[in-house]
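Worksheet: one structure, shown below.
Residue numbering restarts at 1 for every chain, and letters A, B, ... go by the order of the sequence lines.
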Amino acid sequence: MQSIPVLKIGPVLLVSIQTELHDSLAVNLQDTILYKIRDTRARAVLIDITAMEIVDSFIARILSETTQMASVMDARVVLVGMRPAVTMTLVDMGMTLPGIDTAINIEAGLFKLGYELCAIRQDGHAVREPALMETVDGQD
Amino acid sequence: MDKIEIRDEHDVVLARTAARDVAGAQGFSVMAKTRIATAVSELARNVFLHGDGGYMEYEVLREGNKIGIHCRFVDQGPGIPNIEQAMQDGFSSIATLGHGLPGARRLVDDFKIHSEPGRGVRVEIIKWN
């Protein structure tokens with residue numbers, strides 16, 4: 001059976017939905033997330049929907065419910081990467097996802113949760129500010 | 001018209017993917033493509049949840065410079081006893097959130113629903129790019 005991987009990164013669960021979400025897969029995902037929260041004592045869940053081109057009212061309801069259920073289990077959910085067209089479509093339909101915390105991408109989501117992605121220096125110490133990566137450009 | 005049988009949730013995915021692909025192939029904007037595909041997803045789900053299965057037919061429409069997609073959803077279910085009520089926001093007969101029909105209507109340019117008690121529901125939508 002198809003399933004969506006739930007990765008644990010420290011106290012955060014990362015769920016990146018990269019496949020067409022049919023209804024029972026969405027319901028299974030909800031179960032998986034709640035069990036993982038219990039088993040790993042995760043404090044937060046990042047759900048990445050960058051790859052989702054369509055979020056209809058059923059999927060939106062599952063995401064919204066998952067957020068509420070996780071909150072009852074003392075874990076915070078941040079929904080990241082919602083496409084502008086998906087956002088506009090949901091609002092058109094009258095679904096404003098009340099109570100759902102969002103961020104523009106995974107990095108911003110982690111930041112919102114209080115975790116920073118730090119570059120590790122050669123001596124093994126973390127650099128406080130994310131290192132500025134120089135763009136590799138074959139043209140120059 | 002092309003036809004997709006809608007018997008289960010996998011067919012809902014097939015229907016919305018077909019709508020998205022046709023809209024994409026016809027050069028629909030991302031917004032219009034997302035709206036028609038989402039509306040199709042809602043209506044296809046209604047066919048298998050409320051209508052005991054059925055089918056979707058779809059075709060591309062051309063009117064002058066305008067390009068549109070026309071979809072027809074037909075089920076053989078019990079029909080909708082009170083369409084006005086079903087079209088209201090938040091009304092649901094089986095504890096979904098009731099955004100399906102009214103939500104789909106807001107996403108398209110033309111929306112017609114016809115129900116005969118005991119003989120099923122037919123919904124027709126048109127989305128212009």
Going by atom type alone, with no hydrogens or angles, which donor-acceptor pairs under 3.5 Å involve a side-chain atom of residues 93-104 of chain A and a protein atom two or more places apart or on another chain?
residue : atom : partner : partner atom : Å
A:D101  : OD1  : A:K112  : NZ           : 3.1
A:D101  : OD2  : A:R76   : NE           : 3.1
A:D101  : OD2  : A:R76   : NH2          : 2.9

* Asked: Any side-chain heavy-atom pair from B:F48 and B:R7 closer than 4.5 angstrom?
  -> no
With a 4.5 angstrom heavy-atom cut-off, is it the side chain or the backbone of [X] that approaches chain A, or both, or neither?
{"X": "B:R20", "value": "side chain"}
{"X": "B:S29", "value": "neither"}
{"X": "B:V12", "value": "neither"}

ask   = Does B:K3 make a cation-pi contact with B:Y55, if we ask for NZ or CZ under 6.0 Å from the ring centre and within 45° of the axis?
value = yes
In short, side chain to side chain donor-acceptor pair (under 3.5 Å) pairs touching residues 79-92 of chain A with sequence neighbours left out are A:D92-B:R35
With chain B, the option among A:I59, A:L90, A:D56 that has the most non-hydrogen atom pairs under 4.5 Å is A:D56
Contacts satisfying ring pair (Phe, Tyr, Trp, His ring centres under 6.0 Å) that involve residues 82-107 of chain A (not counting sequence neighbours) are none
Q: Verify whether one side chain among A:E53 and B:T34 offers a donor that lies under 3.5 Å from an acceptor in the other.
A: no
>> Can you tell me if B:R119 has over 12 outside heavy atoms packed within less than 6.0 Å of its CZ?
In response: no
Practice problem: Decide if atom NZ of B:K112 counts as having more than 12 heavy atoms of other residues, nucleotides or ligands within a radius under 6.0 Å. | Solution: no
By residue number, those in residues 59-77 of chain B with heavy atoms under 4.5 Å from heavy atoms of chain A are none
